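For reference, the structure discussed in these notes is given below.
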Amino acid sequence: MNDEKLLERIKFDKNILAGKPIIRGLRIPVAMILELLAKGSTNQEILEDYPELEPEDIQAALFYGLKPPKFVNGT
């Protein structure tokens with residue numbers, strides 16, 4: 001999946017978690033996924049705990065974490 005497609009999975013909705021970046025409109029913040037990974041959770045553990053997530057969602061969260069907000073927001 002290319003970079004642009006990955007970033008399309010990251011959404012911003014002022015009505016969900018005060019506009020923080022979330023995965024595909026779900027109430028799952030990107031920051032939470034990054035924190036779980038930083039604390040040692042595996043992708044498989046995260047997918048088991050959050051079955052609505054897809055492997056590409058975790059990849060998108062990681063990619064988002066690498067890019068400055070200016071790039072991600074397109075401004």
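Everything quoted here is computed from the prediction, not taken from an experiment.
Considering only heavy atoms from C-beta on, Ile28 comes within 4.5 Å of Glu52 through its side chain. Between Leu34 and Leu62, some side-chain heavy-atom pair lies under the 4.5 Å cut-off. Inter-residue side-chain proximity for Leu47 and Pro55 is flagged as met; some heavy-atom pair is nearer than 4.5 Å. Glu54 has its side chain within reach of Arg9: a pair of non-hydrogen atoms, C-beta onward, lies under 4.5 Å apart.
One distance of note links CG of Asp3 with CZ of Phe63; it measures 3.5 Å at 0.5 Å rounding. Between atom CE of residue Met32 and atom CD1 of residue Ile23 there is a gap of 9.0 Å, rounded to the nearest 0.5 Å. Here the CG atom belonging to Asp13 is positioned 8.0 Å from the CZ atom belonging to Arg27, to the nearest 0.5 angstrom.
The hydrophobic clustering, which links ILVMFWY residues whose side-chain heavy atoms are closer than 4.5 Å, places Ile33 and Ile22 apart. Both Leu37 and Tyr50 sit in one connected hydrophobic cluster of ILVMFWY residues. Membership requires side-chain heavy atoms under 4.5 Å apart, directly or through other members.
A salt bridge is defined here as a Lys NZ or Arg NE, NH1 or NH2 lying under 4.0 Å from an Asp or Glu carboxylate O, and Arg24 with Glu8 fails to meet this definition.
In this structure, Asp49 contributes its side chain and Ile46 its backbone to no donor-acceptor pair below 3.5 Å.
Residues Gly25 and Ile16 come closest through the heavy atom pair O-CD1, 3.6 Å.
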